[in-house]
Structure formats: structure tokens, C-alpha cells
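Working notes, structure below.
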Amino acid sequence: MIALGIESTAHTFGVGIVSKKKVLVNLREAYTTEKGGIIPIEAAEHHKKIAMKLVKEAIELFKRENKGKIDLVVYSRGPGIGPCLHVGKNTARELGESLEVPVIGINHCVAHLSVGSLVTATKDPVLLYASGANTQVIAYEGGKYRVFGETLDQGIGNFIDAFARHIGLGFPGGPKIEVLAKKSKNYVELPYSVKGMDISLSGMLTNLKNKYNSKDFSAEDLAYSLQETAFAMLVEVAERAMAHCGKKELLIGGGVGCNSRLQEMCAIMCKERGAKFYAPPKGLLVDNGAMIAYQGILEHCAGRKESKVEIRPYERTDDILVDWK
Ligand code: AMP
Ligand code: MG
């Protein structure tokens with residue numbers, strides 16, 4: 001069984017081709033800006049322009065190394081930015097028609113979790129899903145992926161990007177903030193906001209902006225302190241979910257999961273509680289088509305038939321009945 005997956009929930013247009021056991025191709029092109037954040041219509045235009053080119057490239061790469069044919073086309077149906085989701089859905093539909101194979105839409109957040117079992121030894125992890133728009137701590141309990149904790153306002157990536165934008169760095173700001181943070185060890189006190197199992201970031205963002213505007217603090221010190229504070233909040237909630245569910249594995253997902261300090265803090269926490277920490281390679285942490293294809297294979301093999309090729313911009317992780325495990 002070989003599936004081609006299309007990712008287009010936000011800034012990234014990705015095309016991946018995977019088998020049940022392996023990632024065969026994983027291409028992506030991201031919409032970026034020098035200054036400012038994502039403009040939905042511009043991101044969708046970007047995706048539209050490159051969609052078929054990237055699909056063709058992926059299929060050519062696949063054919064060069066592999067025999068066999070593509071059996072299934074999969075796309076991210078949500079959650080995400082409407083105009084961007086439409087591009088992925090339309091590309092999938094067109095491709096499904098031309099290859100004469102079924103097309104199914106899947107949930108993007110769930111795909112971040114599932115791909116961990118393709119490339120790591122995780123069996124039943126707690127997922128710390130730290131991406132641009134989404135920040136959730138998720139685990140499998142009683143037939144569903146339950147959200148144990150999440151952000152009450154903005155996603156961790158969007159929060160970092162917003163501060164980066166404020167200090168004149170373009171999108172995506174996460175990698176640039178990481179570089180700045182490495183230049184400091186000077187911790188500046190910031191509001192630490194964990195409420196039960198949830199976190200809140202907007203107060204810290206305002207505080208950071210005010211501190212930067214006051215000119216009393218360097219960008220390096222603020223970047224360092226931002227990472228130390230926000231990541232400690234994520235790790236605290238992840239640890240509490242592990243304790244609550246009695247799970248011994250932590251998997252990281254999402255673009256912010258590429259951050260080496262966040263990975264280090266997760267690894268330390270896991271070591272201290274006798275658990276294991278797993279991080280997929282970067283190409284599978286960020287939004288990508290391979291994880292979409294893999295999720296499609298899981299659902300297709302569990303007997304799922306597509307009813308309607310549609311988008312679901314607001315679909316939640318815990319809306320999905322997990323019948324493929
Ligand atoms: P995703 O939505 O999962 O593709 O992740 C995109 C987000 O990841 C953006 O907000 C980026 O700024 C963020 N990101 C990517 N690399 C890093 C990094 N090294 N450190 C922190 N954030 C990052
Ligand atoms: Mg994502």
C-alpha cells in the first residue's frame with residue numbers, strides 16, 4: 001500500500017509519499033515573509049502556484065527509486081486556514097481523479113501523533129504537540145485521542161513568531177529566536193501561566209513587548225527568557241499528563257518541537273521520571289505531507305471509505321474516533 005499525502009493547513013505546502021513502513025518522499029515548500037506574519041490569501045496563492053509542480057516532482061522522485069503505484073491520495077482536511085485547506089483538497093481531488101484512486105481527508109493534529117509510530121519506537125506516548133497555531137498535550141484513552149491540556153489563547157509557535165515580528169524578524173521567527181536565545185544566559189523574570197492543565201501565553205507576549213520597548217533589556221536576554229519560561233510551561237503540563245495517564249513515553253510534534261532547548265528540557269524531565277523521550281526527524285516534526293499520507297494509510301486499512309471531499313477548518317483532535325489502532 002502506497003499513499004501520497006498533501007499538507008496545506010497553513011504556511012507549508014507539502015507532498016509526501018509513504019508505504020506502511022517507510023517514508024519514501026517528503027517535499028515541502030513554505031510561504032515565508034521578511035517582515036510580518038501569514039496573510040491567509042497570500043499563503044493560499046503561494047500554495048496554488050506550486051501545488052501541481054511539487055506533486056509532479058514527488059511522483060518523479062518516487063518512480064525513480066520505487067516500483068509499484070500510488071494506491072491512495074490523502075489530504076489534511078483541518079484544522080487550519082480555510083483558503084489554504086481548499087488548495088490541498090482541490091489538488092487531492094484532481095490527483096485522485098487522474099490516478100483513479102480513492103481520496104480521503106484526515107485530521108492534521110492526529111497525523112502529527114501517528115507519524116511518531118512510523119519513525120520512533122513509541123507505542124503509547126503522550127504527545128506534546130507544539131506547532132504554530134496548535135499547542136496541545138494529547139494521549140490515547142478510551143478510543144479517542146484526548147486533549148489533556150492546551151493553550152487557552154495562542155499557539156506556542158504563533159506566540160514566538162509574534163514576538164519575533166515585534167523585534168523586526170520575519171516569519172517564521174522560531175528558528176531566529178532560538179539563535180538569539182543561545183547568545184544569552186541572563187534570565188529575566190516573565191509571567192509564568194499554567195492554569196490546571198492549560199497554559200496561557202498572551203500575558204507573557206505583552207510583557208515581552210513592553211520590556212523590549214523599554215530598551216532596558218536586550219533581544220538576546222528576552223529570547224532566552226522567553227524560551228526558558230514558555231518551554232517550562234509546556235514541559236510541566238506534559239509531565240502532569242504523563243503522571244495522570246501513567247504513560248512512560250513522551251513524543252514531540254510540531255514545528256516548535258525542532259527547538260533544541262525544548263527537546264533538551266523534555267529529555268531531562270523524562271529521564272527524571274524514568275520515562276523515554278522521542279523526537280522524530282525535523283522533516284516530520286514540521287508540517288509535512290508524509291505524516292498525512294501515513295495517517296491516510298492507517299485509516300484506509302482500518303476500512304475507512306471517503307464520503308465527501310471537504311475541508312473542516314475547526315475540527316478538533318478529540319472529535320476523531322480512533323478506530324485504526
Ligand atoms: P508547524 O505549524 O508545526 O509547521 O510549525 C511552525 C512553527 O514552528 C512556526 O511558528 C515556527 O516559528 C516554529 N519553529 C520552527 N523551528 C523552530 C525552532 N527551532 N524553535 C522554535 N520554533 C520553531
Ligand atoms: Mg502542524
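Numbering of ligands and ligand atoms starts at 1, following listing order. Quick note: residue numbers are just sequence positions, from 1.
Near G173, with a cut-off below 4.0 Å to any heavy atom, the atoms of ligand 1 are 12 (O).
Summarising the contacts of atom 6 (C) of ligand 1 with H11, E178, Q227, the nearest heavy atom is found in H11. Nearest-residue assignment for atom 22 (N) of ligand 1 (options C109, G174, G253; heavy-atom criterion): G174.
Sorting the N, O or S atoms of D287 by how far they are from the Mg ion (ligand 2) puts OD1 first.
A search for salt bridge (Lys or Arg N to Asp or Glu O under 4.0 Å) contacts involving R146 returns nothing, not counting sequence neighbours.
Within the structure, side chain to side chain donor-acceptor pair (under 3.5 Å) pairs that include any residue of residues 274-288 comprise H108-D287, H112-D287 (at least two apart or interchain).
For P175, the heavy-atom gap to ligand 1 drops under 4.0 angstrom.
Counting only N and O atoms by type, the side chains of S260 and E178 include a donor and acceptor under 3.5 Å apart. Of the N and O atoms on the side chains of D71 and H300, not one donor lies less than 3.5 Å from an acceptor on the other residue.
The Mg ion (ligand 2) lies at 2.8 Å or more from every N, O or S atom belonging to C109.
Among all non-hydrogen protein atoms, the one lying nearest atom 7 (C) of ligand 1 is G132 N, 3.8 Å.
Remark: ligand 1 and Y129 share no N or O pair separated by less than 3.5 Å (distance only, no angle test).
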Task: side chain to side chain donor-acceptor pair (under 3.5 Å) assessment of S76 paired with E7 - done: CA-CA 6 Å; S76 281; E7 160 58 27; 2.7 Å; yes
